[in-house]
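Report on the following structure.
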Amino acid sequence: MKKANNNKKGNNNNNNQQQGENIRVRSPRKGEIPGIVEQILGHGKLKVRCNDKNIRLCRIPGKMKKRIWIREGDVVLVKPWDFQSDEKADVIWRYTRTEANYLERRGFLKI
């Protein structure tokens with residue numbers, strides 16, 4: 001006769017039944033602007049339509065290039081450069097669809 005396997009894998013039904021789970025979303029801080037990716041230009045560069053109605057040429061920093069894939073239509077958080085702030089910026093965060101919906105409901109994303 002075999003012993004019952006009491007692993008934690010199948011015995012935790014609470015994780016499957018949780019509803020209304022809190023979402024922790026990174027909100028824009030001072031000097032950061034949310035935007036939507038309009039075009040992928042290659043070599044880690046994007047065209048992003050920002051919340052302040054500017055279209056900026058944004059670059060993806062090296063630490064993000066290898067970890068995060070960004071596609072057209074994604075909602076990103078950009079930080080404009082100190083000089084040429086209306087033209088260029090760095091991408092500092094990519095939001096998931098759920099997080100983007102949350103930002104839109106809260107009024108951070110007005111595009």
Side-chain angles (χ1 to χ4, degrees):
M1 192 183 276
K2 289 185 178 180
K3 277 187 168 180
N5 191 0
N6 290 330
N7 287 349
K8 297 242 179 195
K9 274 186 177 178
N11 293 338
N12 195 356
N13 291 331
N14 292 336
N15 287 342
N16 298 335
Q17 296 174 356
Q18 285 181 351
Q19 294 177 0
E21 207 172 294
N22 289 342
I23 299 172
R24 192 163 201 161
V25 178
R26 185 184 191 287
S27 61
R29 298 179 185 141
K30 185 178 179 184
E32 299 173 351
I33 304 169
I36 297 177
V37 177
E38 286 203 337
Q39 188 177 11
I40 309 288
L41 300 174
H43 296 288
K45 298 208 184 328
L46 315 163
K47 274 193 179 177
V48 176
R49 180 177 299 277
C50 297
N51 233 8
D52 59 356
K53 306 297 185 222
N54 285 338
I55 296 178
R56 290 184 169 86
L57 178 67
C58 297
R59 77 180 170 141
I60 305 170
K63 68 180 183 178
M64 285 185 69
K65 267 188 203 178
K66 306 210 170 167
R67 296 184 182 148
I68 295 175
W69 289 85
I70 297 177
R71 299 176 302 256
E72 290 181 9
D74 281 351
V75 177
V76 294
L77 191 60
V78 299
K79 183 166 176 80
W81 291 2
D82 293 336
F83 57 96
Q84 296 180 329
S85 63
D86 290 338
E87 300 170 12
K88 297 186 179 180
D90 287 331
V91 175
I92 56 174
W93 193 265
R94 179 185 59 101
Y95 291 106
T96 62
R97 293 285 175 209
T98 307
E99 292 171 340
N101 291 338
Y102 175 81
L103 284 178
E104 195 170 358
R105 279 185 278 132
R106 300 288 285 188
F108 287 112
L109 191 61
K110 300 172 188 170
I111 297 178

Which distance, rounded to the nearest 0.5 Å, do you find between the [atom1] of [X] and the [atom2] of [Y]?
X     : Y      : atom1 : atom2 : answer
Thr96 : Asn101 : OG1   : CG    : 8.5 Å
Lys47 : Cys58  : NZ    : SG    : 11.0 Å
Trp81 : Arg59  : CH2   : CZ    : 5.5 Å
Lys65 : His43  : NZ    : NE2   : 9.0 Å
Leu77 : Trp93  : CG    : CH2   : 9.0 Å

Please find the pair of heavy atoms, one from [X] and one from [Y], that lie closest to each other, and give the distance.
X      : Y     : answer
Arg49  : Glu38 : NE-OE2, 2.6 Å
Leu109 : Pro34 : CD1-CB, 4.0 Å
Arg97  : Gly73 : NH1-O, 3.4 Å
Lys88  : Arg56 : O-CD, 4.1 Å
Glu99  : Arg24 : OE2-O, 4.1 Å
Pro80  : Ala89 : CA-CB, 3.7 Å

Worksheet item: For Leu46, which fellow cluster members are found when Ile, Leu, Val, Met, Phe, Trp and Tyr are connected by side-chain heavy-atom distances below 4.5 angstrom, either directly or through intermediates?
Response: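 Via sub-4.5 Å side-chain contacts, Leu46 links to Ile33, Val37, Ile40, Val48, Ile60, Met64, Ile68, Ile70, Val76, Val78, Val91.
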Discussion item. So does Arg26 get a backbone contact from the side chain of Tyr95, meaning a donor-acceptor N/O pair under 3.5 Å?
Written reply: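 Yes; at least one donor-acceptor contact below 3.5 Å.
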